[in-house]
Each structure stands twice: as structure tokens, then as C-alpha cells.
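Here's the structure, in C-alpha cells; my notes come after.
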There are 2 protein chains.
Amino acid sequence: MNIGTAAQKSGLPAKTIRYYEEIGLVHPHRAENGYRAYSDADLHRLRFLQRSRGLGFSIDECRLLLSLYENDSRASADVKELALAKIGEIDRKIAELRSLRKTLSALAANCHGDDRPDCPIIDDLAGT
Amino acid sequence: MNIGTAAQKSGLPAKTIRYYEEIGLVHPHRAENGYRAYSDADLHRLRFLQRSRGLGFSIDECRLLLSLYENDSRASADVKELALAKIGEIDRKIAELRSLRKTLSALAANCHGDDRPDCPIIDDLAGT
DNA sequence: GTTAGTGCTTCCAGTCACTGGAAGGTCAAG
DNA sequence: CTTGACCTTCCAGTGACTGGAAGCACTAAC
């Protein structure tokens, strides 16, 4: 199938699929007219990438996951470790965002928010 | 003061300060030897940037905040609006991360995590 | 047979907010 | 006078795409 069809079926933009080829994540062969020709296995890889990227794995992590996916003698522990590490990362990000939110909403709560110029948010940013 | 001192006092790397100048956020004048010379006002701007960036505002938002900071006739409502919009953004990001976390931890919980190859995480990514 | 329109190709540049490094000028201490 | 820290500019790279231009390839309609 052509790249447009592969894009539709994988949920990835064609541009992204070409980019994934450029960085060695997929290797479709070419039709006689020079068009990329995607096999079902290629499509599986693309779908796999779409999902794992959607779960927040970096390209390099996806590369690793793909190699585990295609390695029949993988240990599930390896995959689980990656998933748990990612969960830890997510937890750290959530904590950071929550702390940011707390600061910002405290500032916003103190700001009367009318047409007068005095504003505790600005004051705080200015460090005064 | 020189860039090194400004860096120390603002908490920003010198590289970043030069970058901020390049994109027009600060305009230090130059000493006779060509070194950047930062006034106290410049330092205030840098500190302001350090804080607002730390609160998750984009460079363009910081630019806007700076202009409000230096506009004595600003309306505090403008600043508050920006802060509240940012809080909304943070909330959306937290929700997204929480949903990711839920998916990932459900997957990880189902994975026995030993040296056998069968792994529900991989199965899910593969869409099987 | 020609034309229009869509889809494919490559390549280059831009995004965001820096960060690293090379090559070279300047300054203060010893 | 040398050493080493600090400063300068410029160029390139990061991650993961995304946009756009220029130019083939294919299909359907007229």
C-alpha cells in the first residue's frame, strides 16, 4: 500500500511516516514508480509506533520497544521496567505541574483582576 | 555588570541571557571593550524572565508579561487572564498525564514481569 | 489525447528554547 | 609575561516533527 493509505490506517501523518523511515524505524520497499510500498508488517510497526508514542514513549524508547516487540525471546520484565520507569517520569511531571498550578492559582486568587494596574502576579514575577 | 554576574544574580545561564538578547527580550548596552553591560533594570528583566519561564509561560507569553510589567497603566485583569489561561493549560496537561499513567499502570499490572516473553504491554502496543 | 486534480517524491527550512563548542579577544593576578 | 578565567561571535545540534516548493506519477473526465 502507498504512504497515504498507510497513514490513514496507522493514524500517523504521511510526513511523520517518512520521518520515521529517515531515522530508521521503518523500512518499506519501493514500487517500480519509486513510491513507498508498505506491507502489513510495516503497517503493524507504524501502528505500534503510533500507540507507543501516544503513551509518551520517546522515539528511542519506541525503538527499544519495537526491538522487544520483534524479539520472541524477550523477557517481559524488560518491557515492564520501561513501563514502570515511564510511570515514574509521568509522576514527576504531574508533581511539577501541580506545584506550578498551586503557585499560579495562589497568585491569581490574590489579583483583583480589574482595570487597575496593581497586580500581585506581576509583583511576584518582578520579585518585589 | 558583566554577563557572568548577571547570570549568577538572575539564575539564568549566560548562554540563555545572550539568547534572550538575540530574540529581543533584553537590550544591555556595551562597554568599551565590547562586553555586555547589564544595568539593575536589565537584571530585573532577567529575574522576571527567570521566574515567569519557571512558571511555565512561553517566551511569547513572557514578552507579553514583560510589556505589562513595564506598562504602568496595565489592567490587572489582563495579567490575571493570562495566569488563568495558563492554569487551564496546566490542568489539561495534568489530566492527559493522569490518563496516560492509568493506561500504563494497568498494562504494567497485567505483565508478570519475568523472563518469559509473553507480555500484555507489548500485546497492547501491537494492537493484538 | 489532453487536461485537471490528486498523490507521490526529494530537499530545505522552520518550530521551541535553548545548549555545546570552536576560535579568538580581554582582563586581573602572580 | 604568562596563566587562566571571562568575554565575544558564529555555527551546529537537540526532539519530533511540520510546512512548503519543485517536480514526477497516476487516474478520471472530456
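To find a chain, count down the sequence lines: A is the first, B the second, and so on, and within it residues start at 1.
Contact footprint of chain A on DNA chain D: nucleotides with an atom under 4.0 Å from a non-hydrogen protein atom, first to last in 5' to 3' order, D/dA16 to D/dC26.
Checked for salt-bridge contact, B/Asp124 and A/Arg51 miss the test: no charged N lies under 4.0 Å from a carboxylate O. Salt-bridge annotation for B/Lys86 and B/Glu89: present, with a side-chain N of the basic residue lying under 4.0 Å from a carboxylate O of the acidic one. In this structure, B/Glu21 pairs ionically with B/Arg30, as a charged nitrogen and a carboxylate oxygen lie closer than 4.0 Å.
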Nucleotide N/O to protein N/O under 3.5 Å, stretch nucleotides 1-7 of chain C:
from: C/dG7; atom 1: N2; to: A/Tyr35; atom 2: OH; distance (Å): 2.9

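A donor atom on one side chain and an acceptor atom on the other are found under 3.5 Å apart for A/Ser39 and A/Asp42. Of the N and O atoms on the side chains of A/Ser58 and A/Asp60, not one donor lies less than 3.5 Å from an acceptor on the other residue. Side chains of B/Asp78 and B/Ser76: no donor on one and acceptor on the other come within 3.5 Å.
The distance from atom CD1 of B/Ile59 to atom C1' of C/dG14 is 17 Å, rounded to the nearest whole Å.
Nearest approach of A/Arg74 to A/Leu68, heavy atoms of both residues: NH1-O, 2.8 Å.
Of the residues in residues 14-34 of chain B, those with a non-hydrogen atom less than 4.0 angstrom from any atom of DNA chain C are B/Lys15, B/Thr16, B/Tyr19, B/Tyr20, B/Asn33.
In this structure, B/Asp114 contributes its side chain and B/Arg116 its backbone to a donor-acceptor pair below 3.5 Å.
When hydrophobic clusters are built by joining Ile, Leu, Val, Met, Phe, Trp and Tyr residues whose side-chain heavy atoms come closer than 4.5 Å, directly or via intermediates, A/Leu100 is grouped together with B/Leu49.
Considering B/Glu70, B/Gln50, B/His27 in turn, B/Glu70 is the only one that fulfils the side chain to side chain donor-acceptor pair (under 3.5 Å) rule with B/Arg45.
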